[in-house]
There are 2 protein chains.
Amino acid sequence: MGRKRTKSGKIRLAEVAELAGVSPITASRFFRNPEALSVAKRTRVESAARELGYVPNLAARALASQRTEVIGVLIPSLTNNVFSDVLRGIYDASEGSRYSIQLSNTRYSILQEEKLLRLFLAQKPAGLIVTGIDQTTESRAMLEAADCPIVQIMEIGPNPVDMMIGFSHYDAARAAIAHLFAQGHRKIGFVGARMDPRVQRRLDGYVSAMKDAGLFEQRLVVTTATPTSVTLGGALFTDLLARQPGIDAVFCANDDLALGVLFECRRREIAVPEQIAIVGFNDLEFMASAVPTLTSVRTNRYEMGNTAATMLIEAIDGRRPEQPVLDLGFKVIERQSSSSRRSDGRPAASGAGAANKMIALPNGQD
Amino acid sequence: MGRKRTKSGKIRLAEVAELAGVSPITASRFFRNPEALSVAKRTRVESAARELGYVPNLAARALASQRTEVIGVLIPSLTNNVFSDVLRGIYDASEGSRYSIQLSNTRYSILQEEKLLRLFLAQKPAGLIVTGIDQTTESRAMLEAADCPIVQIMEIGPNPVDMMIGFSHYDAARAAIAHLFAQGHRKIGFVGARMDPRVQRRLDGYVSAMKDAGLFEQRLVVTTATPTSVTLGGALFTDLLARQPGIDAVFCANDDLALGVLFECRRREIAVPEQIAIVGFNDLEFMASAVPTLTSVRTNRYEMGNTAATMLIEAIDGRRPEQPVLDLGFKVIERQSSSSRRSDGRPAASGAGAANKMIALPNGQD
DNA sequence: GTCGTTGCTGGTAGCGCTGTCAACGATCCT
DNA sequence: AGGATCGTTGACAGCGCTACCAGCAACGAC
């Protein structure tokens, strides 16, 4: 009775404590570290909270404890299918935990990333997930100075800020080219769009593989800074054909481009794989049902996001992983579009680091 | 000097106020309503804040003001391309504003939605964006009791909770079928997956159009609760063919299914559109570059999200839109897959409500 | 028996900001 | 000229929670 209620009529921690017959601070502890309470008080607080329908006020908690329960996520794109899989993994992992996700889109700009980073850091996030390893020096400094766990995702490189999870785009591209070599292809073109750092490294892998074989020619490479799309794949392939009519295979920096190339081949009545082989990157769901089915390099996108968030949360809660850098690997999924035998979908080359576990990608799961 | 600094070394509002030679509350006002200050103090506070690199503490603000600057967004899926476009629109609109987006995934479950809604509402969001019009009665009650603006997106229906933006899936499906009728098709199958309420209403539209023409047969409809995918499109189409070998057109509840149907036709050497016409739904980017190009019903997904967030922010700031329910319409984009003349891509039927402005969809923009 | 030590509990004092109200001078109206 | 009104500013008192430290009982070691 004597208690004044907040104007919103909300239940406060004090009410719960009163009903449970304990002090507010004890009730508070129940929500943060139940083990610290005696069993008797624990059950009393629990039932009192349930009875009143108590929901903690996160703003008050954040203010008092000087830290938030927010995980900041910086990704370069919301459109790209690749990131929606990663994101789904992150959100799934965060569910059930007490952390919430704060997402921001850098639009492939490291300057924008720096700005957002500054914004995030000012709110003292519990943890941070950032895409890639190409931060500005300023961003890098901020990340290193940050007093929260950080995971870099999407690729593996030297000098992790903290934790890191991804795979080598360079090696993956080399594996794709090796597969094409194995199928007897020699004049292999490269088609790439957007040309963000990861696509760039795929190009580097392609170039090195081709050079190793003494087959590299600059004219085999067609790229653009334009955002990727299926239509663009067709257009870039058209360019490539004009420059190098004699090519016998195309390695596409992603699957949308590969699909565009496939359609363009159909339009031009170029037989795939007899005249031109096609290899994509990411192994999106549609690759397996295209006609012909399309070879691609499978990447563990969902698992990348999911593991990153899981590791981050563990680290926040003080259980740092014994293995802070995790290589999730990749796998060349050989399908009809690059098979001289027109076999269907059995795995070919597989590259990986320490932890190359291939899990079923729950594509289109929800 | 006498000022004690917070242990984190952070700049507080009080420091800014001191440097500017004003009271803390005046400095506070500068950040919330600069117009209320005299020009002199305004510039003083502004330069002081910049000099110190002040960043407001959002938790403290939220606690003191009893409201957050968070917009809650409830969507049923993170995978579906449709929602990634909507989300991009929402994030783009929220950028620059002082509101941040809190996203949650209901996984197509209205019970999960109810749970998340309760969670969100407890934190007093500044506004809420929810998907669709099929909430539980409990959710509905909570939404109506909420003291923040709310936008329902993705479809239009009776009794909006507050604001509403979308289009009629029923009418859109009817328009698609009308287009197929106009092209001379009669035995039109329906292929649908997931069967969420919006897909269900597309089916209803299909059924009513077919019944109006006296052409409806239950065996023409193949649906599943399974999540949608390209591969599934092929499988469902295979089912449909087995049940109704004589069909001359297929209306797919989304574009992934349509692509799967196209591939399956190619696999079976069924000529499109000569033997079977295909119409999809949403007009994703790849529809225009498939071979043959695929007819689809274009929906304004990016604009839906963008306008919803913009309207919501305006409403939060006290400027309620004169038109709380906005029909963004749709447009049947006729392409080769359903054209008896094999024409390419000129618009056919177009259905809409009040505001059927067709904007260029910035597909794959970032 | 005294002195830690451990396990649990509570009191106090803020966290950094804003709502509310009051005060003040300037301006306006009759 | 007097009062009302407006625009601008500041003092005060929290918002709901937790960090910190102190207290207290139970227990074991010497």
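Below, read A as the first sequence line, B as the second, and so on, with proteins coming before strands; counting in each chain starts at 1. Small disclaimer: the values here were computed from a predicted structure and weren't measured.
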Could you tell me whether the side chains of A:Thr307 and A:Thr310 share a donor-acceptor contact shorter than 3.5 Å?
-> no
Atom pair distance, as rounded to whole Å: CG in A:Leu58 and C1' in D:dT18 = 14 Å
What integer distance in Å separates A:Leu63:CG from C:dC15:P?
-> 9 Å
So does A:Ser65 get a side-chain nitrogen or oxygen closer than 4.0 Å to the phosphate oxygens (OP1/OP2) of D:dC17?
-> no
Show the numbers, then the answer: is there a side chain to side chain contact (heavy atoms under 4.5 Å, CB included) between B:Gln152 and B:Gln135?
-> CA-CA 10 Å; B:Gln152 289 168 288; B:Gln135 285 78 28; 3.4 Å; yes
B:Leu52 CG to C:dG16 P, straight-line distance once rounded to whole Å | 15 Å
Could you list the residues that satisfy side chain to side chain donor-acceptor pair (under 3.5 Å) with B:Glu144, not counting sequence neighbours?
-> B:Arg140
Look for any protein N or O under 3.5 Å of an N or O in nucleotides 6-11 of chain D and output each such pair with its distance, or none.
{"unit_1": "D:dT9", "atom_1": "OP1", "unit_2": "B:Ser38", "atom_2": "OG", "d": "2.7"}
{"unit_1": "D:dT9", "atom_1": "OP2", "unit_2": "B:Ser38", "atom_2": "N", "d": "3.1"}
{"unit_1": "D:dG10", "atom_1": "OP2", "unit_2": "B:Ser23", "atom_2": "N", "d": "3.1"}
{"unit_1": "D:dG10", "atom_1": "OP2", "unit_2": "B:Ser23", "atom_2": "OG", "d": "3.0"}
{"unit_1": "D:dG10", "atom_1": "OP2", "unit_2": "B:Thr26", "atom_2": "OG1", "d": "2.4"}
{"unit_1": "D:dG10", "atom_1": "O5'", "unit_2": "B:Ser23", "atom_2": "OG", "d": "3.4"}
{"unit_1": "D:dG10", "atom_1": "N7", "unit_2": "B:Arg29", "atom_2": "NH2", "d": "2.7"}

A:Arg42, CZ: over 12 other non-hydrogen atoms inside 6.0 angstrom = yes
Which is true for A:Tyr54 with a 4.0 Å heavy-atom rule: it touches a base, it touches only sugar-phosphate, or it touches nothing?
-> sugar-phosphate
Remember a base hit wins even if backbone is also touched, and classify B:Arg67 as base, sugar-phosphate or nothing at under 4.0 Å, heavy atoms.
-> sugar-phosphate
Distance in angstrom units between A:Asn57 CG and C:dG16 P, rounded | 17 Å
For the pair B:Phe83 and B:Tyr108, name the ring-plane relationship: parallel under 30°, tilted 30 to 60°, perpendicular over 60°.
-> perpendicular
Between C:dG16, D:dT18, C:dG19, which nucleotide gets closest to the side-chain atoms of B:Arg32?
-> C:dG19
Atom pair distance, as rounded to whole Å: CG in B:Asn33 and P in C:dC17 | 18 Å
Please tell me if the side chains of A:Thr136 and A:Glu113 come closer than 4.5 Å, counting only heavy atoms from C-beta onward.
-> no
To the nearest Å, how far apart are B:Leu13 CG and C:dG16 P?
-> 11 Å
Donor-acceptor contact present, side-chain A:Asn300 to main-chain A:Leu328, <3.5 Å | yes
Within 6.0 Å of CG in A:Asn33, more than 12 heavy atoms from elsewhere = yes
Report the nucleotide, chosen from C:dC17, C:dT18, D:dT18, that has the shortest atom-to-atom distance to any side-chain atom of A:Arg61.
-> D:dT18
How many Å lie between CZ on A:Phe30 and C1' on D:dT18, as a whole number?
-> 17 Å
Rounded distance (Å) that lies between atom C1' of C:dG16 and atom CD of A:Gln123 | 12 Å
Terminal axes of the helix from C:dG1-D:dC30 to C:dT30-D:dA1 (five pairs each): angle between them, nearest 10 degrees | 30°
Phosphate OP1/OP2 of C:dG16: any A:Gln66 side-chain N/O under 4.0 Å = yes
Donor-acceptor contact present, side-chain A:Ser97 to main-chain A:Ala93, <3.5 Å | no
